[in-house]
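On a predicted model such as this, the values are computed, not experimentally measured, just so you know. Below, all heavy atoms of this structure are taken into account, side chains as well, without hydrogens, waters or symmetry copies. For ligands, and for the atoms within them, numbers begin at 1 and follow the listed sequence.
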Amino acid sequence: MTVHTGRHFLQIPGPTNVPDRVLRAMDMPTLDHRGPEFAELGFAVLAAMQRVFRTRQPVIIYPSSGTGAWEAAMVNTLSPGDKVLMCETGQFAVLWRGIAEKFKLDVDFIPGDWRHGADLAEVERRLVADKQHKIKAVCVVHNETSTGCVTPPLEARKLLDRVKHPALLMVDTISGLGSLVYEHDAWGIDVSVAGSQKGLMLPPGLGFNAVSEKALAVARANQGMRSYWDWQEVIAFNKAGTFPYTPACNLLMGLREAVKMLEEEGLENVFARHKRHSAATRAAIKAWGLETQCVDPNAHSPALTGTRLPDGHDADNFRKIVLEKFDMSLGTGLNKVKGKVFRIGHIGHFNDLMLMGTLAGVEMGLDLAKVPHRGGGVLAAMEVLKGHDAAQAPEAAVA
Ligand SMILES: *Cc1c(COP(=O)(O)O)cnc(C)c1O
């Protein structure tokens with residue numbers, strides 16, 4: 001077995017690297033979750049998450065993975081037979097649809113090629129055709145982590161308003177929150193879904209729903225079965241800073257510290273940093289003569305870059321070589337793009353030199369795996385990092 005020294009490079013787009021400060025904040029004795037000290041933590045994280053989601057509405061925090069928060073969004077607002085419009089942006093859209101189908105929702109799934117954001121023009125056509133307003137929700141994945149394509153939630157809101165359709169707008173921003181600009185209230189999102197282990201720099205284990213007044217009203221009227229995920233009960237307990245069941249106490253301690261770090265840097269700066277790293281990564285990929293999975297210049301994700309290998313070259317074999325030689329984990333291609341794509345995460349707790357190390361590992365790995373490419377990717381990325389800001393960089397990523 002090879003012994004590796006120094007830190008492992010975890011460059012997958014989630015779970016992401018956890019800052020030492022956050023690890024230290026969680027390294028605390030267990031807290032009585034019904035005792036007087038807990039409420040202070042409860043109130044602090046609930047308020048912190050309102051600031052991160054940019055909402056004055058309640059945020060529900062679950063001890064769950066992102067998948068739980070997906071399920072919560074659906075079981076609170078929808079019941080079997082309800083029609084929902086979803087868009088095939090990639091594997092995470094496919095998985096969310098799977099949940100909807102298990103709950104016997106009637107899913108209208110707009111096909112996609114996994115190289116663009118959601119087909120919003122088609123969403124608009126289907127909403128216009130839905131004269132009787134049978135569609136109860138439109139669901140989009142903000143940052144499609146399997147491909148590195150972004151769908152702008154505000155554009156989805158604008159089109160719902162334009163066609164005067166009352167469907168709820170649900171957005172999976174599990175890998176968007178804390179790395180891409182997000183405005184739950186200003187963008188008129190009804191349910192936002194997030195998780196702890198991507199831009200929020202925490203270990204996996206917390207799921208979030210931010211909700212609109214309209215979504216809450218729909219949930220109150222919804223007779224569909226649910227218990228653990230029920231918003232009403234959680235919100236009622238949250239008024240006292242507590243939770244109806246045992247919360248993930250130490251993860252909440254980590255969350256308080258992680259949001260503190262995001263706010264010390266300034267959310268605007270956090271978003272600009274992600275865009276800059278994404279632009280530098282694309283400069284490297286272009287220099288290598290490889291293709292990004294995302295082909296829409298306006299949809300490149302600030303959080304990760306899906307990278308294609310030429311036909312006949314297995315991306316998982318390349319990833320294996322990089323892991324063995326350089327102790328770096330890169331994201332695997334999922335489902336349809338397995339073996340064709342690897343993903344470079346530049347999300348969360350990250351800086352310029354970590355990006356340089358990451359890209360150097362990729363460039364050396366391409367050589368060792370005998371993938372045809374040109375050299376100079378690392379140098380091209382350095383040029384972006386040295387002077388240019390994200391706005392001047394080639395193909396500036398979208399917000
Ligand atoms: C990670 C991720 C999920 C799934 O979250 P889990 O915590 O693995 O359940 C869903 N959607 C997106 C966009 C993600 O990035």
Side-chain angles (χ1 to χ4, degrees), residues 10-18 53 60-75 84 86-102 109 112 114 116-118 139-153 156 169-182 184 189 191-210 228-229 248 251 254-255 258 274 278 293-294 299-306 329-337 341-348 350 398:
L10 181 74
Q11 295 323 132
I12 60 175
T16 65
N17 295 291
V18 179
F53 275 111
I60 294 95
I61 305 178
Y62 297 108
S64 77
S65 84
T67 301
W70 260 345
E71 178 166 331
M74 298 197 139
V75 296
V84 294
M86 306 182 88
C87 305
E88 185 194 1
T89 44
Q91 175 64 359
F92 289 102
V94 167
L95 291 173
W96 201 6
R97 176 191 64 175
I99 295 176
E101 286 176 342
K102 283 179 194 150
F109 201 49
W114 293 43
H116 296 81
C139 305
V140 294
V141 176
H142 180 201
N143 185 67
E144 177 53 78
T145 322
S146 64
T147 64
C149 297
V150 171
T151 298
L169 175 57
M170 299 200 193
V171 177
D172 166 350
T173 188
I174 294 180
S175 63
L177 197 73
S179 42
L180 281 68
V181 177
Y182 197 78
H184 178 86
I189 313 300
V191 188
S192 299
V193 179
S196 54
Q197 78 274 27
K198 313 276 170 87
L200 296 178
M201 313 183 291
L202 289 161
L206 294 176
F208 307 92
N209 279 175
Y228 185 79
W229 304 114
L251 281 173
L255 178 61
H274 282 81
S278 157
Q293 175 63 12
C294 177
H300 286 301
S301 167
L304 76 137
T305 306
S329 298
L330 295 164
T332 184
L334 297 167
N335 190 341
K336 271 191 192 175
V337 294
V341 166
F342 70 92
R343 295 171 298 149
I344 303 171
H346 29 79
I347 170 172
F350 202 53
V398 293

(request) Check W96 against ligand 1 and report side chain, backbone, both or neither, counting heavy atoms closer than 4.0 Å. (result)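 It is neither; nothing of W96 touches ligand 1.
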Which residue and non-hydrogen atom of the protein lie closest to [atom], and at what distance in Å?
{"atom": "atom 2 (C) of ligand 1", "value": "K198 NZ, 2.6 Å"}
{"atom": "atom 11 (N) of ligand 1", "value": "D172 OD2, 2.7 Å"}
{"atom": "atom 4 (C) of ligand 1", "value": "F92 CE2, 3.9 Å"}
{"atom": "atom 6 (P) of ligand 1", "value": "G66 N, 3.4 Å"}

(message) Under a 4.0 angstrom heavy-atom cut-off, which atoms of ligand 1 come close to S65?
(response)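 Within the 4.0 Å cut-off of S65, ligand 1 contributes 6 (P), 7 (O), 9 (O).
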(request) Pull out every atom of ligand 1 sitting under 4.0 Å from any heavy atom of I174, numbered as shown with elements. (result)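 Answer, ordered by atom number: 1 (C), 2 (C), 3 (C), 10 (C), 11 (N), 12 (C), 14 (C).
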(request) Consider ligand 1: state whether an atom of it lies below 4.0 angstrom from any non-hydrogen atom of Q197. (result)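 Yes.
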(request) Return yes when N143 approaches ligand 1 closer than 4.0 angstrom through a heavy atom, no otherwise. (result)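 Heavy atoms of N143 do come under 4.0 Å of ligand 1.
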(message) My understanding is that we take every heavy atom of each candidate and find the minimum distance to atom 13 (C) of ligand 1. Doing that for T67, L95, T145, which one comes out nearest?
(response)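 Among T67, L95, T145, the closest heavy atom to atom 13 (C) of ligand 1 belongs to T145.
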(message) Using the side-chain contact (heavy atoms from CB on, under 4.5 Å) definition, which of the options T89, T332, L334, L304 pairs with S146?
(response)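 The single option meeting the side-chain contact (heavy atoms from CB on, under 4.5 Å) with S146 is L334.
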(message) With a 3.5 Å distance limit and no angle check, can you tell me whether S329 reaches the backbone of L10 through a side-chain donor-acceptor pair?
(response)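 Not confirmed, S329 side chain does not pair with L10 backbone.
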(request) State the CD-OG1 distance between Q11 and T305, to the nearest 0.5 angstrom. (result)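 Q11 atom CD to T305 atom OG1 measures 11.5 Å (nearest 0.5 Å).
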